[in-house]
Protein chains: 2
Amino acid sequence: MSTAGKHIKPTESELEILRILWERGPSTVREVHEVLEKIKDAGYTTTLKIMQIMHEKGLLQRDTSSKTHIYAAVVSQENTQRQLLDKMIDTVFNGSASQLVLQALGNHKSSPEELEKIKAYLDEIEKQQK
Amino acid sequence: MSTAGKHIKPTESELEILRILWERGPSTVREVHEVLEKIKDAGYTTTLKIMQIMHEKGLLQRDTSSKTHIYAAVVSQENTQRQLLDKMIDTVFNGSASQLVLQALGNHKSSPEELEKIKAYLDEIEKQQK
DNA sequence: ATTTGTTTACGAAGATATTCGTATATTCAT
DNA sequence: ATGAATATACGAATATCTTCGTAAACAAAT
């Protein structure tokens, strides 16, 4: 099964670490922890432990060739986003993606450029459906 | 603090029950359980327990005037949707609502009517921004 | 009134997530 | 080589969620 097909369910803590790894690319525990500390207070071994567990679960891969291991996300940000979004649409928005879209647009200021991008995308979808 | 301001975090099981209560309105444990059974196998006392806990947490209110208690959601569906969506935008989509919107539109077939509705809504937003 | 069925209350077991102390191993500077 | 700093490994405590068995309260039927 490819990465795209995996159905993953990172916990809150795991998601925080994934975000850092997506942002930074492959990193050591220390590097991840230093970023994490800024938004959360946790001990170093806590971060280490979670990353080890994530590795066991297959969420992270690690390079142990040097003493200081280097971890990297196995799952892509996009796939994770899609999975979590799909689940939210299903369980929170009764399966209606457009209901979610309307909520999202209503409660967040989007720039005119972003709105245009969305409209252009809608046009594209409509064309394809014809 | 009003209902709108509460920051709630229902668990998976709690969300399932909330959905049923939003759909049905105030209901007994038995009524909720019978719906729940269709999508999940769980014992009656399990459903009861979760609803009792939800009541303790303030997620549900209950009417104990008759022997068979009647439970109702304290939080509205819309507020819950907004809260969970906000959190997802923040933690999964790096704060970009439009990024989420594009994902949602891309991965779900929406009907032409729904797409039109979204476009109309976008037009409205743009007008307001002028 | 006794039985039968339904409901709530209580408590505890099992599962998972989170946290961290401590031990062990490794590296590096002296 | 010895000591200081840093890394990993391990295990356990704590918290939360989920599940359900059992008991007690209550209601309805016979």
Side-chain angles (χ1 to χ4, degrees), chain A residues 6-21 24 26-72 75 80 83-84 87 91-92, chain B residues 7-21 24 26-72 75 80 84 87 91-92:
Chain A
K6 270 185 198 148
H7 84 57
I8 45 163
K9 210 181 73 176
T11 66
E12 281 299 305
S13 299
E14 288 171 348
L15 194 55
E16 286 170 345
I17 287 171
L18 282 175
R19 291 182 66 192
I20 293 169
L21 287 173
R24 284 189 45 87
S27 308
T28 64
V29 174
R30 175 69 53 193
E31 289 165 340
V32 169
H33 181 64
E34 263 159 21
V35 178
L36 201 55
E37 265 183 327
K38 291 178 195 159
I39 56 170
K40 189 187 188 179
D41 78 328
Y44 173 81
T45 55
T46 302
T47 304
L48 169 66
K49 180 70 164 187
I50 292 177
M51 289 177 74
Q52 285 172 338
I53 291 174
M54 290 172 78
H55 175 246
E56 284 169 25
K57 288 184 183 174
L59 284 172
L60 303 185
Q61 61 181 142
R62 70 175 170 184
D63 174 358
T64 57
S65 59
S66 52
K67 187 212 157 177
T68 304
H69 301 175
I70 295 173
Y71 289 79
V75 293
T80 306
Q83 291 235 9
L84 296 178
K87 189 174 183 182
T91 62
V92 181
Chain B
H7 82 60
I8 46 165
K9 209 180 76 177
T11 66
E12 280 301 304
S13 299
E14 289 172 347
L15 194 56
E16 287 170 345
I17 287 171
L18 281 176
R19 290 182 66 191
I20 294 169
L21 286 173
R24 285 189 46 85
S27 308
T28 65
V29 174
R30 176 68 54 193
E31 288 165 341
V32 169
H33 181 64
E34 263 160 19
V35 178
L36 202 54
E37 266 185 325
K38 291 178 195 159
I39 55 170
K40 188 187 191 182
D41 78 328
Y44 174 80
T45 54
T46 301
T47 304
L48 170 66
K49 181 70 165 185
I50 293 178
M51 290 176 73
Q52 285 173 337
I53 291 173
M54 291 171 78
H55 175 245
E56 283 169 24
K57 288 184 183 174
L59 284 172
L60 303 184
Q61 62 181 140
R62 71 174 170 184
D63 174 358
T64 58
S65 58
S66 53
K67 186 206 159 180
T68 304
H69 301 174
I70 295 173
Y71 289 80
V75 293
T80 305
L84 296 178
K87 189 175 180 179
T91 62
V92 182

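Throughout, a chain's letter reflects where its sequence line sits, starting with A, and its residues are numbered from 1.
Atom CG of B/L48 is separated from atom CZ of B/R30 by 10.0 Å, given to the nearest 0.5 angstrom. Atoms CG and CE, from A/L36 and A/M51 in turn, are 9.5 Å apart once rounded to the nearest 0.5 Å.
Counting only heavy atoms from C-beta outward, the side chains of B/S13 and B/K40 approach each other to under 4.5 Å. A/K87 has its side chain within reach of B/E12: a pair of non-hydrogen atoms, C-beta onward, lies under 4.5 Å apart. Residues A/E34 and A/E37 have side chains in contact (heavy-atom distance under 4.5 Å, counting atoms from C-beta outward). For the pair B/H69/B/H55, no side-chain contact is recorded, criterion being any heavy-atom separation below 4.5 Å from C-beta on. Inter-residue side-chain proximity for B/L84 and B/I8 is flagged as unmet; no heavy-atom pair is nearer than 4.5 Å. Residues A/E31 and A/Y71 form no side-chain contact, since every pair of their non-hydrogen atoms from C-beta on lies 4.5 Å or further apart.
For A/Q52 and D/dA9, the shortest distance from a side-chain N or O to OP1 or OP2 is below 4.0 Å. Side-chain nitrogen and oxygen atoms of B/R62 include none within less than 4.0 Å of the OP1 or OP2 phosphate oxygen of C/dT7. The side chain of A/R30 places no N or O atom within less than 4.0 Å of a non-bridging phosphate oxygen (OP1 or OP2) of D/dT6.
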statement: Protein heavy-atom contacts under 4.0 Å, written 5' to 3' over nucleotides 15-24 of chain C as B (base), S (sugar-phosphate only) or - (none), form the string --SBBBBB--
For nucleotides 26-29 of chain D, give me every protein contact, N/O to N/O, under 3.5 Å, one pair per line with atom names.
none

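For the pair B/H69 NE2 and C/dT6 P, the computed distance is 17 Å after rounding to whole Å. If you take CD of A/E56 and C1' of D/dG11, they are 13 Å apart, rounded to a whole angstrom. Look at CD on B/E37: it is 14 Å from C1' on D/dC20, rounded to the nearest Å. Rounded to a whole Å, the NE2 atom of A/H55 is 13 Å from the P atom of D/dC10. If you take CE of B/M51 and P of C/dT7, they are 12 Å apart, rounded to a whole angstrom. Nucleotide D/dT16 holds its C1' atom 17 Å from the CG atom of B/L15, rounded to whole Å. Between the CG atom of A/L48 and the P atom of C/dT26 there is a distance of 16 Å, rounded to whole Å.
With B/S27 as the fixed residue, the side chain to side chain contact (heavy atoms under 4.5 Å, CB included) test singles out one of B/I20, B/L21, B/I17, B/V35: B/L21.
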